[in-house]
Amino acid sequence: MIIEPSAGQIGPVSEELNHPSPTAQKEAGPLGEYLFNNESFEEWSSNYTINTFSAYFVTTAFLGLLDKGSKDHEGFTSSVINITSISGLMKVAQRHVRKSRFAFVYHLTLDKFCYNSAKAAASHLTKMLSTEFALRGIKVRVNAIAPGVYESEMTHDLISGQEATDAVGMPVVSIPAKRPGT
């Protein structure tokens with residue numbers, strides 16, 4: 001069973017970070033105030049609920065059934081596969097595609113703190129669950145897939161080809177495999 005709970009949920013947006021320039025805010029006090037005033041606990045909580053909390057609660061809710069599946073079928077190990085994101089492994093901001101308030105209008109935006117940290121938490125949670133289950137002899141594998149930026153139904157108007165993919169992912173090094181999602 002694979003459950004991908006985030007389905008386009010990216011969290012709050014800090015527009016100030018969306019337009020890096022030589023005149024961008026570099027003073028810690030004003031930048032901190034801007035970030036604090038333009039984010040909300042509710043938006044962060046919603047994003048973590050979808051991207052991290054759900055992975056924990058779904059996995060633990062089905063753990064007994066997954067373990068039984070492993071025991072009932074010799075040589076078989078039940079698996080949990082969490083869908084995280086390359087964003088959770090990056091140390092720099094990435095431009096994410098965000099749907100506007102207007103139907104069918106998408107734009108690129110930076111929302112690095114909430115989305116990236118929620119995906120990083122999901123990746124770390126995956127490692128913790130896997131380790132704890134193994135230490136207790138529970139034969140349930142827990143893995144994660146962390147896809148990169150790729151053209152999808154939601155993003156096809158903005159992401160097409162390597163140049164557009166690089167613009168969204170803002171990689172330090174261009175995508176080595178020269179194909180989206182890697």
Side-chain angles (χ1 to χ4, degrees), residues 1-14 35 39-99 110-155 159 165-166 168-182:
M1 171 172 51
I2 298 176
I3 298 174
E4 206 300 280
S6 61
Q9 178 80 8
I10 61 170
V13 175
S14 302
L35 293 173
E39 306 283 333
S40 78
F41 180 81
E42 291 76 18
E43 289 175 306
W44 274 68
S45 180
S46 173
N47 196 270
Y48 268 78
T49 296
I50 289 168
N51 289 302
T52 309
F53 304 163
S54 61
Y56 174 80
F57 287 105
V58 169
T59 300
T60 57
F62 287 96
L63 185 58
L65 185 61
L66 291 163
D67 185 51
K68 183 176 179 346
S70 294
K71 289 176 180 172
D72 288 352
H73 303 289
E74 181 128 355
F76 174 81
T77 305
S78 296
S79 296
V80 173
I81 303 172
N82 291 322
I83 308 298
T84 61
S85 172
I86 194 74
S87 297
L89 307 174
M90 303 292 288
K91 293 191 287 185
V92 295
Q94 290 178 286
R95 288 186 171 94
H96 293 102
V97 178
R98 183 171 182 94
K99 189 171 185 178
L110 289 180
D111 66 324
K112 68 181 184 179
F113 301 110
C114 185
Y115 180 80
N116 289 17
S117 64
K119 290 298 190 176
S123 293
H124 189 69
L125 175 66
T126 298
K127 294 175 196 175
M128 291 177 66
L129 290 170
S130 179
T131 302
E132 292 296 332
F133 295 168
L135 290 173
R136 288 168 174 70
I138 298 170
K139 295 188 187 295
V140 174
R141 291 179 293 136
V142 185
N143 295 298
I145 298 171
V149 179
Y150 59 93
E151 184 177 355
S152 70
E153 189 175 305
M154 184 177 85
T155 64
I159 302 173
T165 301
D166 283 353
V168 174
M170 296 178 63
V172 176
V173 177
S174 185
I175 298 168
K178 307 287 187 217
R179 63 179 182 258
T182 59

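Throughout, residue positions are numbered sequentially from 1 according to the sequence presented.
In this structure, Thr59 and Ala55 approach most closely via the heavy-atom pair OG1-O, 2.7 Å. The heavy-atom pair separating Ala122 from Asn51 by the smallest distance is CB-O, 3.3 Å. Ala118 approaches Tyr48 most closely through the heavy-atom pair N-OH, 3.4 Å.
Listed by chain and residue number, nothing satisfies the salt bridge (Lys or Arg N to Asp or Glu O under 4.0 Å) test with Lys139 (two or more places apart in sequence, or in another chain). Looking at residues two or more places apart in sequence or on another chain, you find a side chain to side chain contact (heavy atoms under 4.5 Å, CB included) between Thr126 and Asn82, Val142, Ala144.
One finds the CG atom of Leu89 at 11.0 Å from the NZ atom of Lys119 (value rounded to the nearest 0.5 Å). How far CD of Glu132 is from CG of Leu125: 11.0 Å, rounded to the nearest 0.5 Å. One finds the OG atom of Ser85 at 12.5 Å from the CD1 atom of Ile145 (value rounded to the nearest 0.5 Å). Rounded to the nearest 0.5 angstrom, Ser45 OG and Glu42 CD are separated by 7.5 Å. Between atom OG1 of residue Thr77 and atom CG of residue Asp67 there is a gap of 10.5 Å, rounded to the nearest 0.5 Å. Separation of atoms OG1 (Thr131) and CZ (Arg136) is listed at 10.5 Å; rounding is to 0.5 Å.
With hydrogens and angles ignored, the 3.5 Å screen pairs a side-chain donor or acceptor of Ser70 with a backbone N or O of Ser78. Counting only distance, with no hydrogens or angles, the side chain of Thr60 and the backbone of Tyr56 share a donor-acceptor pair below 3.5 Å.
Ring planes of Phe76 and His73: perpendicular class, angle over 60° (limits at 30 and 60°).
A side-chain contact (heavy atoms from CB on, under 4.5 Å) with Leu63 holds for exactly one of Val58, Leu129, Ile138; it is Ile138.
The closest side-chain heavy-atom distance from Ile83 to Pro147 is below 4.5 Å.
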